[in-house]
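The next block holds one structure in the form of structure tokens; read it before the comments.
Note that this is a predicted model, so its numbers are computed, not measured.
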Amino acid sequence: MKRATVLAAVAIGAVAVVYALPMQSPGCGQTAHYAATRSFAEGHPAIDRYIGETCDVVHTNGHYYAAKGPAMDFWSAPWYLLLRSAGAVPGNPNAGRPYPEAMLGVPLRALWQIGLWAVVLPAIALLVLLRRTVERLEPGLGTAAAVILGLATLMLPFSTML
């Protein structure tokens with residue numbers, strides 16, 4: 001393996017660690033995505049069962065929905081099902097309680113696990129694709145371009161948040 005390829009893997013791997021380490025506190029946006037992901041995994045888009053766990057909701061036709069675009073939650077549902085089947089999804093000790101108690105009980109690890117799949121993995125894929133593209137256009141600059149995009153733009157904060 002060429003030295004440049006190893007250096008690129010180490011650099012992008014370091015950026016991946018920076019993205020993967022933070023565990024965010026439960027907030028309205030994060031818990032809305034988490035509720036929608038679980039609802040999609042159960043086969044329906046309504047988050048009625050999880051209404052106390054978030055405040056970022058829409059009420060229409062007698063049901064509650066996450067006030068978020070559904071694509072990321074739909075993308076995350078298979079990952080959630082895999083985690084659940086492995087017994088890796090932590091429970092909410094405040095489940096069934098009203099907002100905000102239920103939302104504050106959403107485990108940090110649960111949000112973090114979904115975030116790894118939903119935002120960290122696509123961000124790393126983007127960095128790899130950018131590196132490959134820049135290497136074709138300007139050999140030797142791909143790794144630098146990928147690391148700059150990953151750490152010196154708004155990609156850094158947004159790649160750590162669900």
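- Arg131 has its side chain out of reach of Val128: every pair of non-hydrogen atoms, C-beta onward, lies at least 4.5 Å apart.
- Interatomic distance, CD1 of Ile47 versus NE2 of His59, reported as 11.0 Å (0.5 Å rounding).
- Side-chain contact between Cys28 and Tyr99: present, with at least one pair of heavy atoms (C-beta onward) separated by less than 4.5 Å.
- Residue Tyr19 comes nearest to Thr160 through the heavy atom pair O-CG2, 3.6 Å, listed as atom of the first residue, atom of the second, then distance.
- By the rule that hydrophobic residues join a cluster once side-chain heavy atoms approach within less than 4.5 Å of another member, Leu130 and Val15 end up as members of one cluster.
- When side chains are defined from C-beta on, Met72 counts as touching Val119, because their heavy atoms get closer than 4.5 Å.
- At a threshold of 4.5 Å between side-chain heavy atoms, the hydrophobic network of Ile, Leu, Val, Met, Phe, Trp and Tyr places Leu104 and Leu162 in two separate groups.
- Side-chain contact check for Trp117 versus Trp75: some heavy-atom pair is nearer than 4.5 Å.
- Distance alone, capped at 3.5 Å, is enough to place a donor-acceptor pair between the Thr31 side chain and the Glu53 backbone.
- Pairing each heavy atom of Phe40 with each of Pro45, the nearest pair is CE2-CB, 3.9 Å.
- Residues Phe158 and Leu149 are members of separate hydrophobic clusters, defined by side-chain heavy-atom contacts under 4.5 angstrom among Ile, Leu, Val, Met, Phe, Trp and Tyr.
- Taking the side chain as every heavy atom from C-beta outward, Phe74 and Thr37 never approach each other to under 4.5 Å.
- The two residues Tyr64 and Asp48 make their nearest non-hydrogen contact at N-OD1, 2.6 Å.
- More than 12 heavy atoms of other residues, nucleotides or ligands lie within 6.0 Å of CZ in Arg109, so this atom counts as buried by the packing criterion.
- Classified by interplanar angle (parallel below 30°, tilted 30° to 60°, perpendicular above 60°), the ring pair Tyr34/Tyr80 is perpendicular.
- Interatomic distance, CG of Leu116 versus OG of Ser76, reported as 10.5 Å (0.5 Å rounding).
- Minimum interatomic distance between Gly52 and Ala102 (heavy atoms only, all atoms of both residues): O-CB, 3.3 Å.
- Using a 4.5 Å heavy-atom cutoff, the side chains of Glu42 and Arg49 are in contact.
- Summarising the geometry of Ala32 relative to Thr54, their closest heavy-atom pair is N-OG1, 3.2 Å, with the distance given to 0.1 Å.
- Contact of the Arg38 side chain with the Val89 side chain is not registered, since no non-hydrogen atoms from C-beta on lie closer than 4.5 Å.
- Val147 and Leu129 are assigned to two separate hydrophobic clusters, defined by single-linkage of ILVMFWY side chains at heavy-atom distances under 4.5 Å.
- The shortest distance between side-chain heavy atoms of Gln30 and Ile114 does not fall below 4.5 Å.
- For the atom pair CG (Leu141) and CD (Glu135), the distance works out to 7.0 Å, reported to the nearest 0.5 Å.
- Residue Glu101 places its CD atom among more than 12 non-hydrogen atoms of other residues, nucleotides or ligands, all under 6.0 Å distant.
- The CG atom of Leu154 lies 10.0 Å from the OG atom of Ser159; values are rounded to the nearest 0.5 Å.
- Residues Ile12 and Leu151 are members of one and the same hydrophobic cluster, defined by side-chain heavy-atom contacts under 4.5 angstrom among Ile, Leu, Val, Met, Phe, Trp and Tyr.
- Of all the heavy atoms in Leu127 and Met155, the pair that sits closest is CD2-CE, 3.9 Å.
- With hydrogens and angles disregarded, a donor-acceptor distance shorter than 3.5 Å links the side chain of Trp79 to the backbone of Gln113.
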